[in-house]
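Structure, as structure tokens:
Atoms within a ligand are numbered from 1 in the order they appear, just like the ligands themselves. The figures that follow rest on heavy atoms only: side chains count, while hydrogens, waters and symmetry mates do not. If you read the sequence from its start, that first residue is 1, and numbering goes on from there.
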Amino acid sequence: MRSELYIDGKWTAASSGAMFDVVNPATEEVIHEVAAATAKDVDLAVKAARRAFDKDGWPKLSGAQRAKYLRAIADGIRARQAEIARLEVIDNGKPFPEADWDVADAAGCFDFYAGLAEQFDNNPEEPIALADARFTSKAVKEPIGVAGAIIPWNYPLLMAAWKVAPALAAGCTVVLKPAEVTSLTALELAAIADETGLPPGVLNIVTGSGSVAGQAIIDHRQVDKLAFTGSGPVGSKIMAAAARDIKRVSLELGGKSPFVVFDDADIDEAVEWIMFGIFWNQGQVCSATSRVLVQQGIYDRLLARLVEETKKIRIGNGLEEGVLLGPLVSRRQHEQVVAAIEAAKAAGATVACGGKRPEGFEKGYYLEPTILTEAPLESDAWREEIFGPVVCIRPFATEEEAIELANDSRFGLAAAVMSKDDVRAERVASAFRAGIVWINCSQPTFTEAPWGGYKESGIGRELGRWGLENYLETKQITRFATGEKWGWYLK
Ligand code: NAD
């Protein structure tokens, strides 16, 4: 396991010598220490990224040349898939099969952007038809420069891949800061990139706190672009910091996503996807469908089945076979989610199941999967992101009412609808004010499709070709193409 910073192609201790603990959320044991980067370390990382961009020619390589490194990184991840997935489990707490899936997805993300980098070579210029025939013009895409990427702890390696792969494919260089509670797999990514011979400075990984290392990245004048995934309040800070020197910015923030189930849906299918939509990754998913709206004709039966199946979820250490719900990521997160459940009860919600530490788990940040009914529409439980295995469920009567309730949120990341009536499902899908809509499912995420939110859930889109656009500027090159004189001053 790595513990130092990866700056300019070298492993380096933090300038202050400070380290911080890595805790296994299943056991509460300190399993490792990693370096706590200071503003000075961040400055070194940004300068290395600057040099790699401005002088050493990373953006001047062809897309195909950059793609070779990306494919080698993908291969490197796959070659160590089980080992990296295990690291993710002991760092984040998620069940091993989920971690294994994340690691495979991260490798796939590097392959996908390698493909786009190669295509980019074939289509770098777009001719523009001008009304004035004396001129010709074309639009070209160029990398923005040095990207500062700041990521959360819920998908540690995958979030790193979502930022690093498109940025490098576009020709940007990167300084990445993982979340302080989950640094380990980002450091392994650096080790893999290093093994591929990636030129020094192209990718730099600085571990450390948000308030010191993160703040130093967003304040740095030589960073051209900030790419952030995390909470709304930090997203606001990042946008404000970017405003000072007009850094490009993309934000992927939180949500309180609705799942509308009509009464023609199969109850077992609905229960399966409702559970996947909120209990997968312990509910620590920005797009989790945490507000479930069920048409009144099937509400009672569906709720009873949902409670029955939820109580059967096997809770435990993510390394144990058959476990489907691990611990939350940290003591702080556990405290916050428990406090949110208590506040929901005080506001009038009823706990249909869960709501407390499971029996037999004295250690570890475990919490039972929780279903809340009767959460008032104005309560935080209904309106604010809990970011844990906690779902609010309520009945509705008409399609119109369901859409109104679904859209009555300051967030707009995702939404889901289930119905056997395809026309109705499409109609509701288009009525949702959200960037990601699922029909007859919730959560499946594909590298090829755009990802991001409406309203306070963010700005910009990751993944797919939109993810590459995040790291590109558009330049017009216009030529005076006649042999004639312009004749304004010089007649
Ligand atoms: P967070 O905002 O506290 O932290 C995210 C990252 O920002 C961390 O790396 C942290 O160190 C850093 N940070 C904190 N303060 C900073 C500062 N002042 N300057 C620069 N960086 C700073 O969020 P979290 O607790 O890590 O993650 C949970 C939140 O992230 C949830 O609200 C969730 O919805 C959101 N999230 C969104 C998506 C998405 O795709 N939209 C994905 C995952 C998580």
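The nearest protein atom to atom 13 (N) of ligand 1, hydrogens excluded, is given as Gly210 CA, 3.4 Å; this is a heavy-atom distance. Of the protein's heavy atoms, Gly214 C, 3.2 Å lies nearest to atom 20 (C) of ligand 1. Nearest to atom 44 (C) of ligand 1 among the protein's heavy atoms is Asn154 ND2, 3.4 Å. In this structure, atom 40 (O) of ligand 1 lies nearest to the protein heavy atom Cys286 SG, 3.1 Å. Counting only heavy atoms of the protein, atom 41 (N) of ligand 1 lies nearest to Leu253 O, 2.6 Å.
Each of the atoms 17 (C), 18 (N), 19 (N), 20 (C) of ligand 1 lies under 4.0 Å from some heavy atom of Gln215. Residue-ligand proximity, Phe228 to ligand 1, at heavy-atom distances under 4.0 Å covers atoms 2 (O), 5 (C), 6 (C), 7 (O). Under a 4.0 Å criterion applied to the non-hydrogen atoms of Glu385, ligand 1 contributes the atoms 31 (C), 32 (O), 33 (C), 34 (O). Within the listing of ligand 1, atoms 9 (O), 10 (C), 11 (O) sit less than 4.0 angstrom from a heavy atom of Lys177. Every atom of ligand 1 is numbered from 1 in the order shown, and the set under 4.0 Å from a heavy atom of Gly254 is 34 (O). Close contacts of ligand 1 with Lys237, meaning ligand atoms under 4.0 Å from a residue heavy atom, involve 18 (N). Remark: ligand 1 atoms within the under-4.0 Å shell around heavy atoms of Pro152 are 26 (O), 27 (O), 43 (C), 44 (C). When each atom of ligand 1 is checked for a heavy atom of Ile150 under 4.0 Å away, the hits are 6 (C), 7 (O), 9 (O), 12 (C), 20 (C), 21 (N).
Between Trp438 and Phe276, the ring centre distance reaches or exceeds 6.0 Å.
Residues Asn281 and Glu98 are in side-chain contact: their nearest non-hydrogen atoms beyond the backbone lie under 4.5 Å apart.
For Ile218, every heavy-atom contact with ligand 1 shorter than 4.0 Å involves the side chain, none the backbone. Contact annotation: for Gln333 versus ligand 1, there are no heavy atoms closer than 4.0 Å. When non-hydrogen atoms are compared, ligand 1 lies under 4.0 Å from neither the backbone nor the side chain of Gln284. Under 4.0 angstrom from ligand 1, the non-hydrogen atoms of Ile151 all belong to its backbone. Contact annotation: for Tyr155 versus ligand 1, there are no heavy atoms closer than 4.0 Å. Of the heavy atoms in Pro178, only backbone atoms (N, CA, C, O) come closer than 4.0 Å to ligand 1.
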side-chain contact (heavy atoms from CB on, under 4.5 Å) evaluation trace for Glu252 with Trp162: CA-CA 11 Å; Glu252 302 284 346; Trp162 282 24; 5.9 Å; no
Please walk me through it: do Arg331 and Glu28 pass side-chain contact (heavy atoms from CB on, under 4.5 Å)? CA-CA 9 Å; Arg331 178 182 299 280; Glu28 302 186 28; 2.9 Å; yes
Show your reasoning for whether side-chain contact (heavy atoms from CB on, under 4.5 Å) applies to Lys256 and Arg383. CA-CA 7 Å; Lys256 188 77 182 180; Arg383 307 199 81 83; 5.9 Å; no
Is there a side-chain contact (heavy atoms from CB on, under 4.5 Å) between His334 and Val337 once you walk through the steps? CA-CA 5 Å; His334 190 267; Val337 176; over 6 Å; no
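Not a single N or O atom of Phe387, backbone or side chain, sits closer than 3.5 Å to an N or O atom of ligand 1. At a 3.5 angstrom cut-off on N or O pairs, Gly230 counts as close to ligand 1. Some N or O of Trp153 is nearer than 3.5 Å to an N or O of ligand 1, by distance alone. In terms of N/O distances under 3.5 Å, ligand 1 is approached by Glu180. The distance criterion of under 3.5 Å between nitrogen or oxygen atoms is met by Ser231 with respect to ligand 1.
Contact check on Lys247 versus Asp224 returns no salt bridge, with no Lys/Arg side-chain nitrogen under 4.0 Å from an Asp/Glu carboxylate oxygen. Electrostatic pairing of Glu469 and Arg461 does not count as a salt bridge here, judged by no charged N lying under 4.0 Å from a carboxylate O. Taking the charged nitrogens against the carboxylate oxygens, Arg2 and Asp194 have no contact shorter than 4.0 Å, which rules out a salt bridge. Electrostatic pairing of Glu342 and Lys345 counts as a salt bridge here, judged by a charged N lying under 4.0 Å from a carboxylate O. Under the 4.0 Å criterion applied to side-chain N and carboxylate O atoms, Glu29 and Lys363 are not assigned as salt-bridge partners.
Within the 4.0 angstrom cut-off, atom 11 (O) of ligand 1 has one or more protein heavy-atom neighbours.
In this pair, Tyr155 and Trp280 present their aromatic rings tilted. The plane angle is within the 30 to 60° band. A perpendicular orientation is assigned to the rings of Phe387 and Trp153, their planes being inclined by more than 60° (bins at 30° and 60°).
Crowding of Lys356 atom NZ: a count of heavy atoms from other residues, nucleotides or ligands under 6.0 Å exceeding 12. Within a 6.0 Å sphere centred on CZ of Arg410, other residues, nucleotides and ligands contribute more than 12 heavy atoms.
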